[in-house]
Amino acid sequence: MDFEIPKKYDHKLIERKIYEKWIKGNYFSSYPDNRTPYTIIMPPPNVTGKLHIGHALNNTIQDVLARHARMNGYNVCWVPGLDHASIATEAKVVEKLIKKGKSKNSLGRKKFLSYVLKWVKYHKEIILNQIKILGCSCDWNRLKFTMDKKLYKSVIKVFIDLYKKGYIYRGYRIVNWDPKSRTTISDEEIVYKNKTRCLYYIKYKIENDNKYVVVATTRPETIFGDTAICFNPNDNRFYHLNDKRVIVPIINKSIPIIKDSCADINFGTGCFKVTPAHDIRDKYLSEKHKLDVINIFNKNATINEKGLHYKNMDRFFVRKKIVEELKSLGFLLKVEKLKQKIGFSERTLSEIEYIPSIQWFLKMNKISKKSFEAVKNKEILFYPEKYKKIYFKWMKKIRDWNISRQLWWGHRIPAFFYGNGINDFVIAENIDDAMKEIKNKVKNSNITIDDIKQDPDVLDTWFSSWLLPISVFDGIINPYNNEIKYYYPLEDMVTGSDILFFWISRMIMSGFLLRNKKPFNKVFFTGIVRDSNNKKISKSLNNSPDYTYLIDKYGADSVRFGVILKTTPGKDFFFEEKMCLQGRNFINKVWNAFRLINSLKKTDFLKKNEEYIPPHCVINWIKNRFYYILNIFNKQISKYKLNESLMILYKFFLNDFCSIFLEVIKPYKEKYISKKVYNFIIKYFKKILKLLHPYIPFISEKIWNIINSVKNYNVLMISSWPKNKNYDIKIISSFKRIIKIISLTRKIKNENSISKDANCVLFSMKKENKEYFYILKKLANISKVIYLSKEPKNYSYFHFFLLDSEKFFLFFSKKNYTKLNKKNINNIKNNIKNLNKFLYKIRDNLLNKNFLSCVPKKILLKERKKEIDTIKKINSLEEYLKSIKKSESYQDSSDPPPPK
RNA sequence: GGACAUUUAGCUCAGUAGGUUUAGAGCACUACUUUGACAUGGUAGAGGGCAUCGGUUCAAAUCCGAUAGUGUCCA
């Protein structure tokens with residue numbers, strides 16, 4: 001090799017080129033073959049704006065899994081995608097048009113959609129670039145957009161099929177209405193906020209009586225829609241109202257009084273007004289007690305003609321005015337403050353209104369059964385498992401899915417109306433088919449194509465996403481094609497826990513419903529990213545840093561490193577920029593380790609005194625240590641503990657490989673190492689690069705390229721993962737002891753302000769393996785290791801330390817001799833004190849009859865050993881202390897004599 | 001209001017089956033260290049007794065109950 005390696009690793013110069021190389025090599029592409037597939041689809045980001053750190057997290061996790069699987073021999077197929085996101089995108093475009101003084105309605109459907117397409121095109125490019133600079137190894141030939149022709153067709157086909165099978169119906173429901181975007185939204189798209197509202201106590205006059213009954217309500221403006229008042233049958237206070245009627249103030253309408261156990265005796269007056277059109281509970285009551293349903297709102301949440309003189313006024317304005325009117329008429333008894341959770345639209349942030357509306361619904365009850373079972377019997381695994389509970393709960397009380405949205409951008413509902421009757425429609429793929437259907441349905445009609453009107457509404461965005469595992473492989477239109485047979489079901493699904501209901505559960509349902517097979521084997525829930533104010537990072541709050549800035553500053557590898565190291569599955573994580581800094585520091589270390597290895601001088605033709613021969617034990621150790629690490633690494637990653645898996649590699653690389661192995665192996669200046677040794681170093685460095693590759697693909701690939709530039713196989717990402725091998729735990733632990741001796745020696749030097757370069761002699765009570773002498777010399781400047789068969793009589797010439805219960809003595813030259821200071825002595829005394837406490841605790845157990853009779857033998861033996869070891873330690877330290885005290889006068893007066 | 005989750009060093013998190021020499025990491029911190037891979041570095045160190053209270057047990061961070069804080073979901 002021997003290349004000129006730049007001193008600094010410049011990600012800006014390297015990352016883009018590496019990515020281009022991968023693309024050119026077609027390494028991301030997948031085609032069905034005889035390998036086992038590893039299929040994964042990217043949760044398609046919305047085309048509404050730029051990607052944020054949450055996407056970086058999600059996509060990095062997927063890329064780590066994909067690269068790891070690829071190197072493990074799987075045929076990895078990672079399908080990238082983009083979501084059309086009806087509500088969000090339409091809202092953005094409408095907002096933009098308003099700024100330009102244009103409105104959606106004035107433009108008309110066709111023109112409006114052309115503006116949307118422009119928006120989509122612009123953001124698509126930004127988003128795709130963001131995914132690429134992160135290093136994602138997804139199969140770009142398979143890029144999907146949820147409004148693509150094939151996917152669009154798939155959605156329509158599923159709608160038609162499910163309608164024909166009776167799963168889809170049209171119904172009159174109280175829906176969540178977003179008055180700003182003038183559309184219904186699903187329960188999941190509502191955010192609840194705590195607000196302080198007023199609770200108004202209003203008097204309703206009892207019919208044919210001079211008395212009043214007081215009703216408490218937060219929504220006085222809805223009295224136009226009142227069709228009853230209600231109290232609890234167990235509430236004696238209202239017993240006299242049985243079978244009576246009351247008069248609604250202002251509109252002077254007579255309504256019945258009903259009894260129902262849903263009335264809360266302790267809330268308000270215990271009696272509430274029933275407005276079935278605008279409250280879900282009241283709607284339920286209206287069905288039970290056969291009450292009228294009176295809608296009082298227009299689509300923009302102004303009051304309609306039912307509101308008399310308040311017609312066309314805004315709901316909140318009417319509330320204010322009607323309170324004034326009630327007050328002046330003497331109907332308002334009092335007003336109280338009340339804390340309430342109010343629903344707001346996630347997208348437009350306007351207060352949700354509840355109105356009755358004709359919508360399309362999907363029956364969920366039957367569909368959900370198999371999906372419930374699949375998770376229960378572990379056919380589908382959740383990581384972390386805690387999300388199962390939430391899933392089960394939701395699935396158990398699942399409600400029908402309102403799949404229509406009053407929007408233009410999206411998959412248009414394939415319903416064609418030919419009359420004004422509620423059933424005057426047919427479901428068909430296009431208008432021509434619809435015509436045929438109509439002719440079948442309505443005999444002898446003279447309906448023409450011009451009389452047919454397609455439903456103006458579109459489908460809920462999730463009605464397209466729930467099909468993705470099938471539709472991206474064209475499994476809806478061509479259910480038996482080779483790709484779907486090979487790639488379905490997916491292996492992993494990586495997604496935020498916030499879309500468990502929106503997406504995950506519905507994909508599971510579509511899988512069983514349409515293919516009678518689960519859509520994926522495992523679901524990995526990522527955490528939700530929060531900023532330093534504990535706020536969920538989202539586009540609507542605009543609090544998410546654009547991660548391209550981070551990549552520009554730190555490099556993609558560093559960002560990936562930081563993000564993976566900090567994430568815990570399913571747990572929220574706080575974004576801090578310094579995460580990337582740790583990544584950058586690590587990248588720098590990897591680069592410099594490579595520079596060191598590259599700079600090693602090696603030759604096969606060695607002259608005397610020119611060769612540096614590193615001790616065999618360090619080579620043996622790193623080999624065993626590597627396979628030990630590989631083993632625990634594999635265990636962690638199979639449990640999807642990505643943060644821990646990376647931490648294992650991080651520590652192994654820094655502590656074992658760099659701080660010990662490379663430090664020992666690097667020769668003194670002007671010395672050569674043999675090619676054999678050099679090849680060994682390269683071999684293991686390459687193995688480490690492989691392990692690091694999924695996390696930091698760019699720098700690992702770059703270094704790999706340089707190392708292998710002479711040979712043909714110069715692409716790391718398609719190389720194979722190191723195979724597990726046996727390791728000798730004895731080698732590892734005996735080496736660990738040596739590292740501890742080194743560490744303690746350094747500590748003594750540090751504590752006594754002795755230069756780390758100072759030579760010293762180590763006295764051990766055990767015959768040390770000569771193999772280790774060299775390492776002790778190189779890393780701790782221990783120039784000699786001497787075996788002591790008997791403890792020295794006078795400790796004071798030595799520095800003393802304990803390793804577990806083994807005793808060691810260090811001797812420094814006269815120049816470096818320092819006597820123990822008070823602090824040292826106090827430390828030892830403290831140590832003894834703590835050990836005594838510990839001993840007391842152990843003995844407490846060992847003297848306890850119950851303990852002796854209950855405890856398993858294993859534990860008992862351990863406890864006994866603990867006792868013996870602790871006593872040993874205490875004795876050693878006490879002896880040492882005594883010895884020092886004895887010789888104090890001696891120490892003061894003269895230089896220490898040499899030990900022997 | 002209900003349900004669930006969570007509470008371990010300054011921060012972010014581990015802690016497997018109650019018992020592994022008196023609770024582990026990483027970051028931040030402190031001291032020393034500008035040594036030819038790296039100061040984006042090196043060496044060493046200090047920091048908590050596991051939210052609180054009570055219970056079960058020979059033994060509790062770990063199991064049970066209550067309380068409080070936080071978060072999520074639902075109404």
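Fair warning: this is a prediction, and the values are worked out from it, not measured in the lab.
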A:Lys7 vs B:A37: side-chain N/O to OP1/OP2 distance below 4.0 Å: no
Think A:Lys386 has a side-chain N or O under 4.0 angstrom from the OP1 or OP2 of B:G71? no
Take A:Glu15 and A:Lys12, measure what salt bridge (Lys or Arg N to Asp or Glu O under 4.0 Å) needs, and give me the verdict at the end. CA-CA 6 Å; A:Glu15 288 182 350; A:Lys12 281 186 195 167; over 6 Å; no
Contact summary for A:Tyr612 and A:Ile665, nearest pair of heavy atoms: CE2-O, 3.1 Å
Rounding to an integer number of Å, can you tell me how far [X] [atom1] sits from [N] [atom2]?
X: A:Asn598; N: B:G36; atom1: CG; atom2: C1'; answer: 15 Å
X: A:Lys578; N: B:C27; atom1: NZ; atom2: P; answer: 11 Å
X: A:Leu500; N: B:C73; atom1: CG; atom2: P; answer: 11 Å
X: A:Glu863; N: B:G19; atom1: CD; atom2: P; answer: 12 Å
X: A:Lys566; N: B:A14; atom1: NZ; atom2: P; answer: 13 Å
X: A:Ile739; N: B:A44; atom1: CD1; atom2: P; answer: 11 Å
X: A:Lys641; N: B:G26; atom1: NZ; atom2: P; answer: 17 Å
X: A:Asn643; N: B:U12; atom1: CG; atom2: C1'; answer: 10 Å

Assigned glycosidic conformation for B:G26 [threshold 90° from 0]: anti
Report the glycosidic orientation of B:G71: syn if within 90° of 0, anti in every other case. anti
According to the Watson-Crick and G-U wobble definition with distances under 3.5 Å, which dot-bracket string, read 5' to 3', encodes RNA chain B, using [ ] for crossing pairs and | for pairs with another strand? (((((((..((((.....[....)))).(((((.......))))).....(((((..]....)))))))))))).
Among all residues two or more places apart in sequence or in another chain, which pass the salt bridge (Lys or Arg N to Asp or Glu O under 4.0 Å) test with A:Glu644? none
Counting only heavy atoms and a strict 4.0 angstrom limit, can you tell me which residues of residues 583-591 of chain A come near RNA chain B? A:Arg584, A:Asn585, A:Asn588, A:Lys589
Residues from residues 649-665 of chain A lying under 4.0 Å of RNA chain B - heavy atoms: A:Tyr650, A:Lys651, A:Cys658, A:Ser659, A:Glu663
Among B:A37, B:U22, B:A25, which nucleotide sits nearest the side chain of A:Asn834? B:U22
Report yes or no: does A:Ser743 contribute a side-chain atom to a donor-acceptor pair with the main-chain N or O of A:Lys740 at less than 3.5 Å? no
Within the 4.0 Å limit for protein heavy atoms, which parts of nucleotides 57-64 of chain B are touched? Write it as a string from 5' to 3', B for base, S for sugar-phosphate only, - for none. -B------
Set of residues satisfying side-chain hydrogen bond (donor to acceptor under 3.5 Å, both in side chains) with respect to A:Ser734, sequence neighbours excluded: A:Tyr772
Would A:Glu867 and A:Arg864 pass as an ion pair if we require N to O under 4.0 Å? no
Classify the ring geometry of A:Tyr383 against A:Tyr640: parallel below 30°, tilted from 30° to 60°, perpendicular beyond 60°. tilted
